[in-house]
Amino acid sequence: MRRISAILAVACSAVSALDSGLLYEQMLRAPHEDGFFEANPIPHPLSGHGVVEHSGGTPPPPPQVFFSGVFSNYTVLQRAPASSVIYGILSPNTSAAVPGATVSVVMTDTVTKKGTTVVATLDPKTGHWRAKFAPQVAGGDYTLTASCTSCDDANSTTLHSITFGDVYICSGQSNMQLALVHTFDRNVTLERIASGKYMNIRTMQLEERPLADGVDPWIFPPRTQERLSAECGGGSCPSTWVLPNAMVNITQRGTTNWHMSPVIDSFSAACFYFATELTDIMWSNETVSGPPVPIGLIESAVGGTMIEAWVSNETLAKSCTNQTGGHPGVSWLAPGNGALYNGMILPLVNFTVKGALWYQGENNCAECQAGCNGTTCVGPDVCGNVLKNSGYPCYLKTLVEEWRAMWSVESGTTDPQFPFGVFTLASTEGQCGDGGFRHAQTLNNGVLPSPQLPNTFVAQGFDAQDPVSITNWPEGERACRAFGWNSPYSMGGGDNNQAVPFTPFFMGPIHPRPKHILGRRMAMAAAAQVYGDEKIAWTGPILKSCNVTATGQLEIFFNEELLRDDAVHVFAPIANTPWGAWDLHPRFASTACAELPNTTANLMCSSFGGVTPMEVEYTIPVNATTNVSLWLPVSITVKNGPYINTNCPPIDKQKPGVPCVNGTRKAGWNYIVTHSSLPKKFSPVPNFPHLGLRDLITGVRYAWSANPCCPTIDRAGVPCPPNSCPIHSWNSTLPAAPFLAKIVGGQCQCELPQVCS
């Protein structure tokens with residue numbers, strides 16, 4: 001509860017505008033009079049947590065049969081074609097089952113009153129029991145009753161309002177854990193819930209629970225009445241399954257006073273926005289007929305953690321080295337590596353799921369800098385390489401493979417290749433790594449899925465940074481409106497500043513507030529990769545190849561198959577500000593200019609124009625044995641859509657070349673053109689007349705550095721809105737993925753496993 005009470009301490013006063021004070025006060029003042037909760041009355045919150053229901057008189061003794069703590073009222077179980085497993089424990093305060101005991105679980109349809117009974121398998125040594133049910137279609141309303149025969153004081157435990165749908169695990173560190181109350185779209189989301197939307201989504205949070213190796217991890221502690229009263233004042237609790245319109249009773253930080261707040265205020269924003277957007281894409285727009293499928297979200301995330309804590313210690317040590325060939329990193333969280341895998345993953349692996357989402361890396365990116373300096377820290381494998389079983393790419397591959405293996409031990413339950421989505425970090429989320437680390441998050445492929453890790457997908461976050469770089473803005477309220485001065489969805493406000501009615505930071509811009517963008521991108525990827533939507537573009541442009549022309553133009557081609565029916569679009573870069581001679585931005589390696597001969601430097605370093613996210617590497621010979629490499633920005637030709645031919649002339653009137661056919665995409669839909677910043681007078685190179693521009697350009701990179709979309713903006717004073725990088729897909733507006741490639745003989749060459757030639 002430490003994290004929940006800390007986050008929600010600001011929920012009463014520091015919330016987004018959209019008449020936030022009015023909306024929020026109405027919910028606090030009259031939660032059952034404003035239509036926010038009346039449609040879904042909640043049964044007694046303790047009825048499904050080992051508290052026996054009875055009809056009066058002296059309460060019976062405590063029950064002998066308990067559901068694992070991951071089950072409660074309103075649980076979402078995985079729908080067909082998978083089978084769901086219900087599991088728990090006998091007498092959690094003892095280490096063994098009652099001799100001769102039998103556990104039965106009855107699932108009853110509350111409409112038809114028909115019940116299905118399954119006799120559970122029971123481990124007599126531990127008291128753990130498991131019941132596997134036949135696949136069920138989506139929806140429905142069921143009760144689950146677990147009973148024990150041959151137990152002392154035999155009785156039963158019942159859960160209510162159980163349904164079937166698709167269940168996702170949402171895991172990682174603090175950006176997965178970042179609560180809805182700290183995001184820009186929080187108020188409009190609450191409005192939609194109040195109007196009856198998104199009632200197909202149910203959530204549950206696991207509290208932080210690291211465990212040492214060797215401790216029995218399989219059952220999450222059942223929640224007794226005493227425990228729930230201590231955690232949530234006896235009301236609904238984020239650590240149980242709840243509907244999105246539920247109110248939670250929590251304490252303000254530093255006090256013992258309980259107050260009511262929307263339960264989703266404390267839930268993972270990235271995870272919840274994924275579910276709302278998936279609902280809109282798949283069911284609200286008639287992509288799939290029928291009512292929205294229930295979506296169950298289990299948040300299992302802990303801020304500040306390393307990936308090493310989420311993989312078993314033994315598996316990681318056998319599978320990977322760090323990026324320099326040494327031992328993997330050591331998690332700071334006691335009791336060390338594997339602690340959260342033991343305590344927050346293994347208790348879930350018997351729970352059948354549809355897939356998992358992963359948002360983590362801020363506490364691993366520093367590892368990318370070990371043993372390197374200067375320009376050697378910007379390469380595509382600076383954080384390791386999956387083909388070398390090194391660094392973060394290997395750690396992530398190992399995590400996914402181990403989770404898949406553990407979740408699918410019993411056939412017919414979770415898919416052995418269940419879908420796995422990865423959020424890449426925003427440029428401001430870590431203190432290091434930048435493009436290299438985001439590349440590592442794709443297992444060095446630039447995109448997911450990859451041959452090394454099938455059935456995965458990625459939501460790019462590099463351009464979804466927080467618009468500001470500091471917690472408290474010097475320009476006051478007006479400067480905090482990145483979406484227009486009159487926008488009701490304002491920004492700003494300091495950490496837990498209860499006097500400011502804006503979306504509050506949580507520990508500053510390391511936790512970007514535009515999480516809705518990431519949720520939508522992940523939902524688009526899932527719609528295509530998981531649910532088979534063949535029309536939706538699920539990724540932005542992905543580098544395929546490039547070519548340097550004799551005049552120094554760089555033509556960059558993107559993967560046509562991944563674009564589907566979309567096209568590559570380029571708009572003018574944000575703040576395309578020219579720099580004067582020698583007035584180089586620090587990230588442009590001005591020391592390299594000083595190493596060039598004076599005549600070369602004057603031409604080279606004073607010639608480039610607008611600063612853009614696209615940069616090329618020039619390798620300039622100083623003498624017969626010495627070269628100097630320098631990265632400089634290049635301009636990108638702006639392209640305007642639409643990209644569909646609608647007014648083609650007759651064939652006999654068309655120019656020779658690619659014919660124009662109405663309804664087809666226009667020529668150039670899959671590539672862009674950049675322009676070398678070097679003036680013509682620079683060629684030939686002094687003392688090397690045989691070299692032309694095609695020989696001098698030896699590399700290209702896009703959106704590879706910190707703050708790549710607004711490279712000349714100081715975000716301490718001027719906001720950089722999300723989605724500001726210039727290269728996108730036209731219809732989906734998804735950003736082109738960052739890339740870095742060598743150029744050899746005028747052609748791109750990528751570091752394997754990525755292929756771009």
Side-chain angles (χ1 to χ4, degrees), residues 1 4 42-54 59-77 84-98 101-107 118 120-131 143-149 151-162 202-211 215-242 296 298-300 342-351:
M1 291 306 299
I4 296 171
I42 299 178
H44 192 286
L46 305 178
S47 62
H49 301 279
V51 179
V52 180
E53 298 178 322
H54 56 91
Q64 292 288 322
V65 59
F66 291 82
F67 290 95
S68 176
V70 299
F71 297 95
S72 73
N73 296 331
Y74 296 111
T75 297
V76 180
L77 299 176
S84 285
V85 174
I86 314 299
Y87 55 100
I89 190 171
L90 290 182
S91 305
N93 295 322
T94 66
S95 59
V98 177
T102 301
V103 173
S104 297
V105 183
V106 180
M107 179 185 297
V118 174
T121 59
L122 178 63
D123 185 335
K125 294 182 180 179
T126 63
H128 295 183
W129 56 265
R130 300 173 74 256
T143 61
L144 284 173
T145 299
S147 59
C148 176
T149 58
C151 291
D152 293 339
D153 300 313
N155 45 43
S156 60
T157 303
T158 298
L159 306 181
H160 296 276
S161 302
I162 308 301
R202 305 183 185 188
T203 62
M204 194 270 280
Q205 292 172 285
L206 293 185
E207 56 263 39
E208 183 177 326
R209 185 174 176 257
L211 288 181
V215 177
D216 184 351
W218 304 106
I219 302 295
F220 209 81
R223 292 178 171 85
T224 62
Q225 180 172 354
E226 293 76 17
R227 183 178 175 190
L228 282 176
S229 296
E231 290 180 356
C232 300
S236 295
C237 199
S239 58
T240 65
W241 285 93
V242 290
I298 301 176
E299 178 189 331
S300 179
N342 294 336
M344 297 181 70
I345 296 301
L346 289 182
L348 295 172
V349 297
N350 285 311
F351 197 112

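Every value quoted in this text rests on a predicted model; they were computed, and no experiment measured them.
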When you compare the side chain of [Y] with that of [X], does any pair of heavy atoms fall below 4.5 Å?
X    : Y    : result
V105 : L144 : yes
I219 : H128 : yes
V103 : L90  : yes
T126 : W218 : no
W129 : I86  : yes

Should the ring pair F351 and Y87 be called parallel, tilted or perpendicular, given that the plane angle runs from 0 to 90° and is split at 30 and 60?
perpendicular
Kindly say whether F66 contributes a backbone atom to a donor-acceptor pair with the side chain of T157 at under 3.5 angstrom?
no
Side-chain (R130) to main-chain (T121) donor-acceptor, under 3.5 angstrom:
no
Work out which heavy atom in [X] is nearest to a heavy atom in [Y]; give both atom names and the distance.
X    : Y    : value
V85  : F71  : O-CZ, 3.6 Å
S84  : L77  : OG-CB, 3.6 Å
G296 : W241 : CA-CZ3, 3.7 Å
L122 : G127 : CD1-O, 3.8 Å
L211 : P217 : CD1-CA, 4.1 Å
S300 : L206 : OG-CD1, 3.9 Å

Trace of the side-chain contact (heavy atoms from CB on, under 4.5 Å) decision for T203 with E299:
CA-CA 8 Å; T203 62; E299 178 189 331; over 6 Å; no
Would you give the length of the straight line joining atom [atom1] of [X] to atom [atom2] of [Y], rounded to the nearest 0.5 angstrom?
X    : Y    : atom1 : atom2 : value
F67  : T158 : CZ    : OG1   : 7.0 Å
N73  : R202 : CG    : CZ    : 10.0 Å
S68  : I89  : OG    : CD1   : 8.5 Å
M107 : T145 : CE    : OG1   : 10.5 Å
T240 : Y74  : OG1   : OH    : 10.0 Å

Does the pair S104 and T149 meet the rule for a side-chain contact (heavy atoms from CB on, under 4.5 Å), with working shown?
CA-CA 8 Å; S104 297; T149 58; 5.7 Å; no
